[in-house]
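Down below is the structure, laid out as structure tokens.
All values below come from the heavy atoms of this structure, side chains included, with hydrogens, waters and symmetry mates left out.
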Amino acid sequence: MAIPIRSVRVREPLRRLLLLLLFMATALAASVAAAATTPAAFSRSDLPLLGNNVIAADVNGDGRQDLVGTGGTSVRVRLSTGEATFGDSTSFPTGSSSQDVAAGDFNGDGRIDLAVTLNDPALSLSLLVGNGDGTFQAPVNFPNTSGFDSPAIVAADLNNDSKLDVVIGHQVACFTAPCRVGSTITVMLGNGDGTFQPAAEIDIGLTTAEIAVGDFNRDGRRDLAIASSTARLVILLGAGNGTFVQQPTLTLIAENAFGQDATDVDVADFNGDGIEDLVVALGLNGSRTAVLTGNGDGSFRMPPLLITEPNILIPQSQAVGDFNGDGFTDIALALGDGTMGIMEILNGNGDGTFQPLTRYYPPPDRSSVGTINIIAAQLTSDAKPDLVLGLGGAFPATTVLINTTGQAAPPRPAAPTLLSPATDATVSQPVTFDWNDVPNATSYEIQVDDSSNFGPPFRATRTVNVSQATIGSLPAARLFWRVRAINSAGVFGPFSSPRRFTARLAASPPGLAAVSVSPTTVVGGNQAQGTVTLTGAAPAGGALVTLSSSNANTVMLPPSVTVAAGATTAAFVATTTAVSASVQVTVGGTYADVTRNATLTVVPTAEPAGLSAVSVNPASVTGGSASQGVVTLSAAAPAGGLVVALSSNSPAATTPASVTVPQGATSASFAIATTAVSASTAATITAGAAGVTRTAVLTVTPPAQTVTLTVTASGRGGERITSSPAGINVAVGTSGAASFASGTRITLSATNGRDVIWSGACSSGGNKTRSCAFTISGNAAVNANVQ
């Protein structure tokens, strides 16, 4: 609350003196406060990951803050069971994929309800009415009028009618190809009974990351600050009726801001002037935090204060509060790259500046840990702000940090007792080390070395949150190990007595065997399933395979995929964009300095299937015989298949009325029946589909006329006269006859290649020849004298 200052008139020399004294007093107070400031202290506990977005709200009316998170097609709730302790997670369905959540009394019954945004082409909001005991009724869903996803929501009274309204932010729509980038927010004014007025879409020209609500021009109306792409901030001043006046967009980085998106925004008074200021995380591809001082008229002092210390490692989001109890507002930063800590705090000096950062909770050695989000909440009764973090990476968890600033330091933990491996045991690798739980310990450090003196560098060292650790890649030798406990204040206890063991030769670490995609050809705008395969089981902690695309504009991949410990494969999704021509993209994976590749071909959307041709086989048949027709399409038939109409222009050949090419096929066959004809007849077979016709000709012929050939053989005994085609087989000294179709070409010859003097219908003119050929068109006789 601002204290009014009575206006006094003073003479100019006196005014200058007073101002000087005031400046000196303020500077002295600030320097004393800065010198006396101590870092905030926290007690940490990890819960199973509650969701990607977590809020704190008293959903069961017991006066304690509970935790609510989004994930999958539900919201998950953990009810407080005491001072910063929580029960098991309970899920409540939302009707579609949940993205963000806001809590409030939307129906005026005095109980907390949940408004959950959805990533669904038809639905954007799910309202879960609270029963007042921490449970919720079935969701009531509201339509998606924007056509985009809904990654951000805030609840506030935008039109001063004492009823909660909501603002939903949008980023992208990938429900159908190609993906589209959003530029609107959705405003839904509440009726106070759990329903809303028709949604209003407001075009702000940019995507939405997170939204903060404040009164930036001090007119008693709600204003909005929206974090967006390329380090930009959108300011909307409320008109008091649910509409807004957009101010000039603020660009927080003067140059080279591409890819350094603003990912979070919060409201606080950092300089104690009673005017709201803003803090913005510039997390994506950047490591900066921007602080904007408010002018009280809806504008902000530019350029902002950019906090760019090198150890701010991708500040994904932030929370504000007086964490160290010095009366000034501080900033807690959630670090996407947690290699040196999952959180950092910038202690405020009370004048809009900040002290050097304090880093908290470095993760276990060689682990991938990052903080997804962070909120400040009142989880205990001591009035000090606590923190809740969502951790991703190797150890996903919802981490609760209880503010213990000013409290007595926790006791120093005692030395652990080692359990296994037993003294002088010989064990296989990886080796699982176990020891007893120690009171007041929140984590443990284990050291393995080849000397009982444990001089650095150690063979292995780990910091873990449980009383067990699995370590591989140790030398096959006699080794020593010891453990010490660490309390919530980061104080180490004494080491255990060392224990000796022998490690067997470690199995060769797995390598990357292959990267594959299925299908290998996709239409642009669709997805393919990728798989990485190792040569053996992944080690403890999993195997992180880095992914790459030779054309990231056409095929988009996650930066990496983790093969779970003990597994040999892991799946990932390759998302493609629409193309105008076929593009071959190399999808690569790298692990342990080995790279494997697969090829994904992205093709343009296929033209609709059309009728390409119709054919008949055989093309000539004797009347009464059948032929087979085939229709061929220019592309695969669509869903449900393609019906092709058939017809014949002659009764000599008949077809079915139509034939269907099955879905995905490019051809289909049909039967053609014929009738007897007295003369050769040409029948035109016509096929038609989608306005396109194709034809083929089938010739129907009458039955062939039969004639008789008589052969008389004389001469050398024991020989025979035969024919091709077969029919004649006459021994010397006899006569024989056979029937042939008129027009048949007949070749006669003697056995054993004997020469023959031929006469009659087939004559050799008195000469000796081995064969005689002629075309028979009527009854005929041939004499064969075998020599």
Side-chain angles (χ1 to χ4, degrees), residues 70 73 75 93-109 111-130 136-176 180-215 219-226 228 234-247:
T70 59
T73 57
V75 287
T94 57
S96 192
S97 180
S98 62
Q99 289 191 276
D100 199 7
V101 59
D105 182 7
F106 291 95
N107 62 353
D109 63 357
R111 301 166 179 170
I112 294 297
D113 312 311
L114 299 177
V116 185
T117 55
L118 307 175
N119 187 12
D120 187 283
L123 306 173
S124 67
L125 183 70
S126 181
L127 182 65
L128 281 68
V129 173
F136 296 87
Q137 299 177 25
V140 177
N141 294 321
F142 296 87
N144 186 348
T145 57
S146 72
F148 291 86
D149 67 348
S150 304
I153 183 174
V154 291
D157 180 7
L158 302 177
N159 55 356
N160 292 333
D161 63 355
S162 299
K163 300 169 185 177
L164 273 184
D165 313 308
V166 296
V167 180
I168 302 172
H170 308 292
Q171 286 185 345
V172 69
C174 288
F175 308 121
T176 57
R180 297 177 295 123
V181 177
S183 63
T184 64
I185 59 172
T186 301
V187 175
M188 299 174 65
L189 298 179
N191 295 318
D193 58 358
T195 64
F196 296 90
Q197 299 177 31
E201 301 298 330
I202 300 177
D203 193 341
I204 62 172
L206 296 171
T207 60
T208 300
E210 291 294 337
I211 308 170
V213 180
D215 183 7
D219 63 356
R221 301 165 180 170
R222 297 290 187 181
D223 308 318
L224 303 177
I226 301 174
S228 188
V234 176
I235 304 297
L236 300 177
L237 299 182
N241 59 359
T243 65
F244 298 88
V245 177
Q246 185 167 346
Q247 305 303 296

Measure the shortest side-chain to side-chain distance between [X] and [Y] over non-hydrogen atoms and say whether it is less than 4.5 angstrom.
| X | Y | value |
| --- | --- | --- |
| V129 | V140 | no |
| L128 | D113 | no |
| I185 | L224 | yes |

- [ ] Step by step, work out the side-chain contact (heavy atoms from CB on, under 4.5 Å) result for D165 and F196.
- [x] CA-CA 8 Å; D165 313 308; F196 296 90; 5.9 Å; no

Closest contact, heavy atoms only, [X] versus [Y]:
| X | Y | result |
| --- | --- | --- |
| A152 | A209 | CB-O, 3.4 Å |
| V116 | T94 | CG1-CG2, 4.0 Å |
| S124 | P143 | OG-O, 3.2 Å |
| S162 | D157 | N-OD2, 2.8 Å |
| M188 | A199 | CG-CB, 3.9 Å |
| D203 | G205 | OD1-N, 2.9 Å |

[X] side chain vs [Y] backbone, donor-acceptor pair below 3.5 Å:
| X | Y | answer |
| --- | --- | --- |
| E201 | T184 | no |
| D149 | Q171 | yes |
| D223 | G238 | yes |

Open item on the list: Check the orientation of F148 and H170. Use parallel for under 30°, tilted for 30 to 60°, and perpendicular for over 60°.
Closed with: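 Correct class here is tilted.
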
For the [atom1] atom of [X] and the [atom2] atom of [Y], what is their distance to the nearest 0.5 Å?
| X | Y | atom1 | atom2 | result |
| --- | --- | --- | --- | --- |
| L125 | S150 | CG | OG | 8.0 Å |
| R221 | L158 | CZ | CG | 13.0 Å |
| D161 | N241 | CG | CG | 11.0 Å |
| I168 | I153 | CD1 | CD1 | 5.0 Å |
| I235 | Q247 | CD1 | CD | 8.0 Å |
| L236 | I211 | CG | CD1 | 9.0 Å |

Task: All ring-ring contact (aromatic ring centres under 6.0 Å, His included) counterparts of F136, not counting sequence neighbours - done: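 Result, ring-ring contact (aromatic ring centres under 6.0 Å, His included) vs F136: F92.
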
- [ ] Can you tell me which residue pairs pass the side chain to side chain donor-acceptor pair (under 3.5 Å) test with a partner in residues 97-107, sequence neighbours excluded?
- [x]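 Non-adjacent pairs meeting side chain to side chain donor-acceptor pair (under 3.5 Å): N107-D109.
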
- [ ] Under the side chain to side chain contact (heavy atoms under 4.5 Å, CB included) rule, collect the residues that match up with V181, sequence neighbours excluded.
- [x] T207

TODO: Check the pair I204, F244 against side-chain contact (heavy atoms from CB on, under 4.5 Å), reporting the backbone distance first and the verdict last.
DONE: CA-CA 10 Å; I204 62 172; F244 298 88; over 6 Å; no

Task: From V166, L127, T186, residue fulfilling side-chain contact (heavy atoms from CB on, under 4.5 Å) relative to F142 - done: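 Of all the options given, the one that passes is L127.
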
